[in-house]
Asks: 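I'd like to ask some things about the structure below.
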Amino acid sequence: MRTISENRCFGGVQGVYAHDSQVTNCEMTFGLFLPAEAEFGPVPVLWYLSGLTCTHENAMSKAGAQAYAAEHGIALVFPDTSPRGEGVADHEDYDLGKGAGFYVNATQNPWAKHFQMWDYIAEELPRAVTASFTIDSERQSITGHSMGGHGALTLAMGLPGRFRSVSAFAPISNPLNSDWGRKQLGAYLGEDETGWAQHDASHLMWQNGFDGEVLVDQGTSDQFLELLRPEALASAMATRRQPGTFRMQQGYDHSYYFVQTFIPDHIDFHAEALWQ
(Lines give C-alpha, C1' and ligand atoms only; values in the text may rest on other atoms or scores of the structure.)
Protein backbone atom coordinates (compact mmCIF):
# COMPACT_ATOMS: atom_id res chain seq x y z
CA MET A 1 0.00 0.00 0.00
CA ARG A 2 1.45 3.33 -1.08
CA THR A 3 0.23 6.64 0.36
CA ILE A 4 -0.26 9.29 -2.31
CA SER A 5 -1.80 11.94 -0.06
CA GLU A 6 -3.50 12.40 3.31
CA ASN A 7 -5.42 15.51 4.33
CA ARG A 8 -7.29 16.40 7.51
CA CYS A 9 -10.99 16.47 6.68
CA PHE A 10 -13.97 17.04 9.02
CA GLY A 11 -12.00 15.73 11.98
CA GLY A 12 -10.87 12.64 10.08
CA VAL A 13 -8.51 11.96 7.20
CA GLN A 14 -9.13 11.95 3.46
CA GLY A 15 -6.44 9.78 1.91
CA VAL A 16 -5.50 8.59 -1.55
CA TYR A 17 -3.65 5.28 -1.81
CA ALA A 18 -2.28 2.98 -4.50
CA HIS A 19 -1.53 -0.74 -4.50
CA ASP A 20 -0.51 -3.45 -6.92
CA SER A 21 -3.55 -5.46 -7.95
CA GLN A 22 -3.15 -9.12 -8.82
CA VAL A 23 -6.71 -9.12 -10.15
CA THR A 24 -6.34 -6.26 -12.65
CA ASN A 25 -2.61 -6.83 -13.24
CA CYS A 26 -1.75 -3.17 -12.73
CA GLU A 27 -1.49 -0.54 -10.03
CA MET A 28 -4.87 0.67 -8.75
CA THR A 29 -5.63 3.92 -6.92
CA PHE A 30 -8.49 4.60 -4.50
CA GLY A 31 -9.66 7.27 -2.10
CA LEU A 32 -10.53 6.55 1.54
CA PHE A 33 -12.12 8.86 4.08
CA LEU A 34 -11.69 7.75 7.67
CA PRO A 35 -13.74 9.58 10.31
CA ALA A 36 -12.28 10.57 13.68
CA GLU A 37 -13.75 7.43 15.29
CA ALA A 38 -11.35 5.27 13.25
CA GLU A 39 -8.55 6.35 15.59
CA PHE A 40 -10.18 4.28 18.33
CA GLY A 41 -11.46 1.20 16.50
CA PRO A 42 -13.07 -0.24 13.36
CA VAL A 43 -15.80 1.84 11.72
CA PRO A 44 -18.56 0.93 9.23
CA VAL A 45 -17.85 1.58 5.56
CA LEU A 46 -19.84 2.93 2.63
CA TRP A 47 -18.52 2.13 -0.84
CA TYR A 48 -19.07 4.82 -3.49
CA LEU A 49 -18.78 3.62 -7.10
CA SER A 50 -18.36 6.32 -9.74
CA GLY A 51 -19.60 6.62 -13.30
CA LEU A 52 -18.28 6.75 -16.84
CA THR A 53 -15.05 8.73 -17.41
CA CYS A 54 -14.51 9.16 -13.66
CA THR A 55 -11.55 8.20 -11.50
CA HIS A 56 -11.45 7.82 -7.71
CA GLU A 57 -11.16 11.60 -7.49
CA ASN A 58 -14.49 12.79 -8.94
CA ALA A 59 -16.80 11.73 -6.14
CA MET A 60 -14.12 12.28 -3.52
CA SER A 61 -13.90 15.95 -4.56
CA LYS A 62 -17.41 16.72 -5.84
CA ALA A 63 -20.00 14.65 -3.99
CA GLY A 64 -19.62 16.42 -0.64
CA ALA A 65 -20.05 13.16 1.21
CA GLN A 66 -17.29 13.47 3.82
CA ALA A 67 -19.08 16.00 6.02
CA TYR A 68 -22.12 13.76 6.40
CA ALA A 69 -20.06 10.58 6.79
CA ALA A 70 -18.10 12.29 9.58
CA GLU A 71 -21.34 13.10 11.41
CA HIS A 72 -22.20 9.40 11.47
CA GLY A 73 -18.69 8.00 12.01
CA ILE A 74 -18.68 6.16 8.67
CA ALA A 75 -15.72 5.51 6.36
CA LEU A 76 -16.03 6.12 2.62
CA VAL A 77 -14.15 4.21 -0.09
CA PHE A 78 -13.87 5.73 -3.56
CA PRO A 79 -12.47 3.08 -5.97
CA ASP A 80 -11.35 3.82 -9.50
CA THR A 81 -13.69 2.89 -12.34
CA SER A 82 -11.25 0.80 -14.37
CA PRO A 83 -7.67 -0.43 -14.65
CA ARG A 84 -5.20 2.15 -15.92
CA GLY A 85 -1.59 2.49 -16.98
CA GLU A 86 0.67 1.56 -19.83
CA GLY A 87 -0.38 -1.65 -21.53
CA VAL A 88 -4.01 -1.48 -20.36
CA ALA A 89 -6.41 -1.74 -23.31
CA ASP A 90 -8.40 1.34 -24.22
CA HIS A 91 -10.88 2.53 -26.85
CA GLU A 92 -11.46 5.77 -28.71
CA ASP A 93 -15.03 5.92 -27.34
CA TYR A 94 -15.39 7.39 -23.85
CA ASP A 95 -17.86 4.70 -22.79
CA LEU A 96 -15.56 1.73 -23.37
CA GLY A 97 -12.11 1.00 -21.99
CA LYS A 98 -10.34 3.16 -19.40
CA GLY A 99 -12.85 4.89 -17.14
CA ALA A 100 -15.61 2.50 -18.27
CA GLY A 101 -15.02 -0.82 -16.52
CA PHE A 102 -18.76 -1.38 -15.89
CA TYR A 103 -17.87 -3.47 -12.81
CA VAL A 104 -17.72 -6.78 -14.71
CA ASN A 105 -15.06 -9.45 -15.21
CA ALA A 106 -14.15 -9.26 -18.90
CA THR A 107 -13.73 -12.55 -20.74
CA GLN A 108 -12.89 -11.17 -24.19
CA ASN A 109 -9.65 -9.85 -25.67
CA PRO A 110 -8.15 -7.31 -25.35
CA TRP A 111 -10.01 -6.60 -22.11
CA ALA A 112 -9.70 -9.84 -20.14
CA LYS A 113 -6.12 -9.33 -18.92
CA HIS A 114 -6.92 -6.20 -16.89
CA PHE A 115 -10.67 -5.53 -16.80
CA GLN A 116 -11.64 -7.71 -13.82
CA MET A 117 -13.51 -5.00 -11.96
CA TRP A 118 -16.15 -7.23 -10.33
CA ASP A 119 -13.51 -9.29 -8.54
CA TYR A 120 -11.51 -6.17 -7.74
CA ILE A 121 -14.44 -4.39 -6.05
CA ALA A 122 -16.04 -7.49 -4.55
CA GLU A 123 -12.94 -9.25 -3.24
CA GLU A 124 -9.47 -7.77 -3.65
CA LEU A 125 -9.97 -4.13 -2.66
CA PRO A 126 -12.06 -4.97 0.44
CA ARG A 127 -9.32 -7.33 1.62
CA ALA A 128 -6.67 -4.68 1.05
CA VAL A 129 -8.65 -1.97 2.81
CA THR A 130 -9.59 -4.02 5.87
CA ALA A 131 -6.02 -5.31 6.19
CA SER A 132 -4.52 -1.81 6.20
CA PHE A 133 -7.15 0.40 7.85
CA THR A 134 -9.57 0.28 10.80
CA ILE A 135 -12.61 -0.85 8.81
CA ASP A 136 -15.36 -3.12 10.13
CA SER A 137 -15.87 -5.66 7.34
CA GLU A 138 -19.11 -6.87 8.95
CA ARG A 139 -20.78 -3.47 8.43
CA GLN A 140 -20.73 -2.48 4.77
CA SER A 141 -23.12 -0.61 2.48
CA ILE A 142 -22.77 0.53 -1.11
CA THR A 143 -23.88 3.39 -3.37
CA GLY A 144 -22.95 4.81 -6.74
CA HIS A 145 -23.74 7.22 -9.56
CA SER A 146 -24.69 6.32 -13.14
CA MET A 147 -22.41 3.43 -14.17
CA GLY A 148 -21.48 3.28 -10.48
CA GLY A 149 -25.16 3.04 -9.57
CA HIS A 150 -25.37 0.06 -11.91
CA GLY A 151 -22.34 -1.44 -10.15
CA ALA A 152 -23.69 -0.77 -6.67
CA LEU A 153 -27.05 -2.40 -7.41
CA THR A 154 -25.65 -5.44 -9.22
CA LEU A 155 -22.98 -6.06 -6.56
CA ALA A 156 -25.50 -5.68 -3.75
CA MET A 157 -27.93 -8.14 -5.31
CA GLY A 158 -25.19 -10.41 -6.64
CA LEU A 159 -23.51 -10.78 -3.24
CA PRO A 160 -26.36 -11.61 -0.82
CA GLY A 161 -25.54 -10.79 2.78
CA ARG A 162 -22.53 -8.59 1.97
CA PHE A 163 -24.15 -5.15 2.16
CA ARG A 164 -26.65 -3.90 4.72
CA SER A 165 -28.13 -1.30 2.35
CA VAL A 166 -27.77 -0.11 -1.23
CA SER A 167 -28.55 3.18 -2.93
CA ALA A 168 -27.98 4.71 -6.34
CA PHE A 169 -28.01 8.09 -8.08
CA ALA A 170 -29.30 7.92 -11.67
CA PRO A 171 -28.14 4.33 -12.20
CA ILE A 172 -27.82 2.62 -15.56
CA SER A 173 -30.82 0.49 -14.67
CA ASN A 174 -31.41 -1.80 -17.63
CA PRO A 175 -28.22 -2.32 -19.67
CA LEU A 176 -29.66 -5.35 -21.45
CA ASN A 177 -31.94 -2.94 -23.31
CA SER A 178 -29.73 0.15 -23.57
CA ASP A 179 -26.81 1.33 -25.67
CA TRP A 180 -25.15 1.99 -22.30
CA GLY A 181 -24.90 -1.71 -21.66
CA ARG A 182 -25.28 -3.76 -24.77
CA LYS A 183 -22.18 -2.16 -26.29
CA GLN A 184 -20.04 -2.71 -23.18
CA LEU A 185 -21.37 -6.11 -22.13
CA GLY A 186 -20.89 -7.37 -25.67
CA ALA A 187 -17.32 -6.08 -25.80
CA TYR A 188 -16.32 -7.34 -22.36
CA LEU A 189 -18.35 -10.57 -22.11
CA GLY A 190 -18.86 -11.64 -25.73
CA GLU A 191 -21.88 -12.10 -27.96
CA ASP A 192 -23.52 -14.84 -25.86
CA GLU A 193 -26.08 -12.84 -23.88
CA THR A 194 -26.85 -15.60 -21.37
CA GLY A 195 -24.17 -14.21 -19.02
CA TRP A 196 -25.24 -10.60 -19.31
CA ALA A 197 -28.31 -10.78 -17.07
CA GLN A 198 -26.30 -10.94 -13.83
CA HIS A 199 -25.14 -7.40 -14.65
CA ASP A 200 -28.60 -5.92 -15.18
CA ALA A 201 -30.07 -4.31 -12.05
CA SER A 202 -33.67 -4.48 -13.28
CA HIS A 203 -33.38 -8.17 -14.10
CA LEU A 204 -31.72 -8.93 -10.75
CA MET A 205 -34.36 -6.92 -8.91
CA TRP A 206 -37.16 -8.82 -10.62
CA GLN A 207 -35.42 -12.17 -10.09
CA ASN A 208 -33.84 -11.88 -6.63
CA GLY A 209 -34.41 -8.47 -5.08
CA PHE A 210 -32.21 -7.18 -2.28
CA ASP A 211 -32.25 -8.48 1.29
CA GLY A 212 -32.39 -5.00 2.80
CA GLU A 213 -33.52 -1.45 2.04
CA VAL A 214 -33.00 0.25 -1.34
CA LEU A 215 -32.93 3.98 -2.13
CA VAL A 216 -32.79 5.30 -5.71
CA ASP A 217 -32.86 8.94 -6.84
CA GLN A 218 -33.31 9.92 -10.48
CA GLY A 219 -33.56 13.42 -11.94
CA THR A 220 -36.45 14.15 -14.30
CA SER A 221 -34.23 16.44 -16.43
CA ASP A 222 -31.41 13.94 -16.74
CA GLN A 223 -30.03 14.23 -20.26
CA PHE A 224 -29.38 10.46 -20.35
CA LEU A 225 -32.82 9.21 -19.30
CA GLU A 226 -33.30 7.10 -22.45
CA LEU A 227 -30.01 5.31 -21.78
CA LEU A 228 -30.57 4.88 -18.04
CA ARG A 229 -34.09 3.41 -18.32
CA PRO A 230 -35.19 4.13 -14.72
CA GLU A 231 -38.72 2.95 -15.46
CA ALA A 232 -37.46 -0.63 -15.81
CA LEU A 233 -35.96 -0.61 -12.32
CA ALA A 234 -38.98 1.13 -10.77
CA SER A 235 -41.27 -1.45 -12.33
CA ALA A 236 -39.10 -4.33 -11.12
CA MET A 237 -39.06 -2.93 -7.57
CA ALA A 238 -42.85 -2.64 -7.61
CA THR A 239 -43.31 -6.14 -9.06
CA ARG A 240 -40.90 -7.60 -6.51
CA ARG A 241 -42.46 -5.50 -3.72
CA GLN A 242 -38.93 -4.56 -2.77
CA PRO A 243 -38.61 -2.63 0.51
CA GLY A 244 -37.22 0.76 -0.37
CA THR A 245 -37.81 4.07 -2.13
CA PHE A 246 -37.54 5.15 -5.77
CA ARG A 247 -37.72 8.94 -6.20
CA MET A 248 -38.00 11.00 -9.39
CA GLN A 249 -36.53 14.40 -8.52
CA GLN A 250 -38.11 17.27 -10.44
CA GLY A 251 -35.73 19.28 -12.63
CA TYR A 252 -32.47 17.59 -11.67
CA ASP A 253 -29.95 16.48 -14.29
CA HIS A 254 -27.11 13.92 -14.32
CA SER A 255 -24.42 16.13 -12.78
CA TYR A 256 -22.70 16.14 -9.41
CA TYR A 257 -24.96 19.05 -8.40
CA PHE A 258 -27.70 16.43 -8.34
CA VAL A 259 -25.54 14.09 -6.25
CA GLN A 260 -24.54 16.90 -3.84
CA THR A 261 -28.20 17.76 -3.29
CA PHE A 262 -29.28 14.30 -2.19
CA ILE A 263 -26.08 12.83 -0.70
CA PRO A 264 -27.20 13.80 2.85
CA ASP A 265 -30.32 11.65 2.44
CA HIS A 266 -28.24 8.73 1.19
CA ILE A 267 -25.67 8.96 4.00
CA ASP A 268 -28.49 9.11 6.57
CA PHE A 269 -30.13 6.11 4.91
CA HIS A 270 -26.96 4.01 5.05
CA ALA A 271 -26.03 5.15 8.56
CA GLU A 272 -29.32 3.80 9.90
CA ALA A 273 -28.55 0.38 8.42
CA LEU A 274 -24.86 0.37 9.34
CA TRP A 275 -25.34 1.29 12.99
CA GLN A 276 -28.20 -1.13 13.70
Side-chain angles (χ1 to χ4, degrees), residues 1-19 21 27-51 54-82 103 117 120-122 124-149 151-152 155-156 162-169 215 217 256-276:
M1 191 72 66
R2 179 168 64 89
T3 300
I4 296 175
S5 64
E6 288 183 333
N7 298 95
R8 200 70 175 163
C9 182
F10 295 103
V13 175
Q14 175 61 65
V16 178
Y17 308 95
H19 68 115
S21 168
E27 185 177 71
M28 298 293 291
T29 302
F30 66 94
L32 171 65
F33 170 73
L34 286 174
E37 289 83 350
E39 297 181 19
F40 307 103
V43 294
V45 60
L46 174 62
W47 295 82
Y48 186 109
L49 305 186
S50 292
C54 291
T55 69
H56 68 280
E57 190 173 8
N58 295 73
M60 189 181 81
S61 301
K62 295 181 178 181
Q66 291 92 336
Y68 306 104
E71 290 180 4
H72 292 290
I74 294 171
L76 299 169
V77 181
F78 303 98
D80 203 346
T81 55
S82 77
Y103 305 102
M117 289 301 294
Y120 177 70
I121 299 296
E124 188 179 41
L125 185 57
R127 287 197 301 268
V129 169
T130 54
S132 300
F133 304 96
T134 49
I135 299 296
D136 185 350
S137 62
E138 297 300 315
R139 290 184 290 170
Q140 300 186 61
S141 291
I142 192 167
T143 188
H145 174 226
S146 192
M147 179 185 74
L155 281 156
R162 171 73 63 88
F163 302 103
R164 295 194 177 188
S165 53
V166 59
S167 71
F169 300 86
L215 172 62
D217 276 312
Y256 267 96
Y257 298 111
F258 162 62
V259 175
Q260 290 172 13
T261 301
F262 298 104
I263 197 71
D265 292 353
H266 285 244
I267 299 291
D268 288 347
F269 166 75
H270 291 297
E272 184 175 353
L274 288 168
W275 283 112
Q276 284 182 352

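Nothing here was measured: the structure is a model prediction, and the numbers come from that model.
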Asks: Below 4.5 Å, heavy atoms only, C-beta onward: do Thr55 and Ser50 meet side chain to side chain?
Replies: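 Not in contact.
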Asks: Once side chain to side chain donor-acceptor pair (under 3.5 Å) is applied, do any residues pair with Ser167, and if so which ones, sequence neighbours excluded?
Replies: Thr143, His266, His270
Asks: Would a 4.5 Å heavy-atom cut-off, applied to side chains only, mark Phe10 and Glu71 as touching?
Replies: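 A side-chain contact is absent here, since even the closest heavy-atom pair is not under 4.5 Å.
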Asks: Any sub-3.5 Å donor-acceptor pair from Arg162's side-chain atoms to Ala122's backbone N or O?
Replies: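 It does hold such a pair.
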Asks: Run the numbers on Phe133 and Tyr17 for ring pair (Phe, Tyr, Trp, His ring centres under 6.0 Å), then give the verdict.
Replies: CA-CA 11 Å; Phe133 304 96; Tyr17 308 95; 4.8 Å; yes
Asks: Could you tell me whether the side chain of Tyr103 reaches within less than 4.5 Å of the side chain of Pro79, counting heavy atoms only?
Replies: no
Asks: Could you tell me which residues satisfy salt bridge (charged side-chain N to carboxylate O under 4.0 Å, His left out) with Glu39, sequence neighbours excluded, listed by chain and number?
Replies: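 If we apply the salt bridge (charged side-chain N to carboxylate O under 4.0 Å, His left out) test to Glu39, skipping adjacent residues, the hits are Arg8.
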Asks: Test side chain to side chain contact (heavy atoms under 4.5 Å, CB included) on Thr81 and Met147 and set out the steps.
Replies: CA-CA 9 Å; Thr81 55; Met147 179 185 74; 3.8 Å; yes
Asks: Are side-chain heavy atoms of Trp47 and Leu155 found at a separation under 4.5 Å?
Replies: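 Contact flag for Trp47/Leu155 side chains = no.
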Asks: Near Glu57 CD, under 6.0 Å, is it more than 12 heavy atoms from other residues, nucleotides or ligands?
Replies: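 Open.
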Asks: Quick one: list whatever passes side chain to side chain donor-acceptor pair (under 3.5 Å) with Arg139, sequence neighbours left out.
Replies: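 Arg139 satisfies side chain to side chain donor-acceptor pair (under 3.5 Å) with Asp136 once adjacent residues are dropped.
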Asks: Restricting to non-hydrogen atoms, name the atom on Cys9 and the atom on Phe33 that form the minimum distance, rounded to 0.1 Å.
Replies: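 Cys9 and Phe33 have their closest heavy atoms at O-CE1, 3.3 Å.
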Asks: Quick one: does Ser132's side chain have a donor or acceptor within less than 3.5 Å of a partner on Val129's backbone?
Replies: no
Asks: Assess whether ring pair (Phe, Tyr, Trp, His ring centres under 6.0 Å) is satisfied between His19 and Tyr120, documenting all intermediate values.
Replies: CA-CA 12 Å; His19 68 115; Tyr120 177 70; 5.7 Å; yes
Asks: State, yes or no, whether a side-chain contact exists between Asp217 and Val259 at a heavy-atom distance under 4.5 Å.
Replies: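 No, side chains not in contact.
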Asks: Does any N or O in the side chain of Gln140 come within less than 3.5 Å of the main-chain N or O of Ser137, such that one atom is a donor and the other an acceptor?
Replies: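 The answer is yes, because a donor-acceptor pair under 3.5 Å joins these two groups.
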Asks: Under the 3.5 angstrom rule, does the side chain of Gln260 hit a backbone N or O of Lys62 as a donor-acceptor pair?
Replies: yes
Asks: Do Val16 and Phe78 come close enough that some side-chain heavy atom pair is under 4.5 Å?
Replies: no
Asks: Could you tell me whether a side-chain N or O of Gln66 sits under 3.5 Å from a main-chain N or O of Met60, the two making a donor and an acceptor?
Replies: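 Yes, Gln66 side chain to Met60 backbone: donor-acceptor pair under 3.5 Å.
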Asks: Looking at side-chain heavy atoms only, is the closest gap between Met28 and Glu124 below 4.5 Å?
Replies: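 No. Closest side-chain heavy atoms not under 4.5 Å.
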Asks: Which heavy atom of Ala128 sits nearest a heavy atom of Met1, and at what distance?
Replies: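 Nearest pair, atom of Ala128 first, then Met1: O-CE, 3.9 Å.
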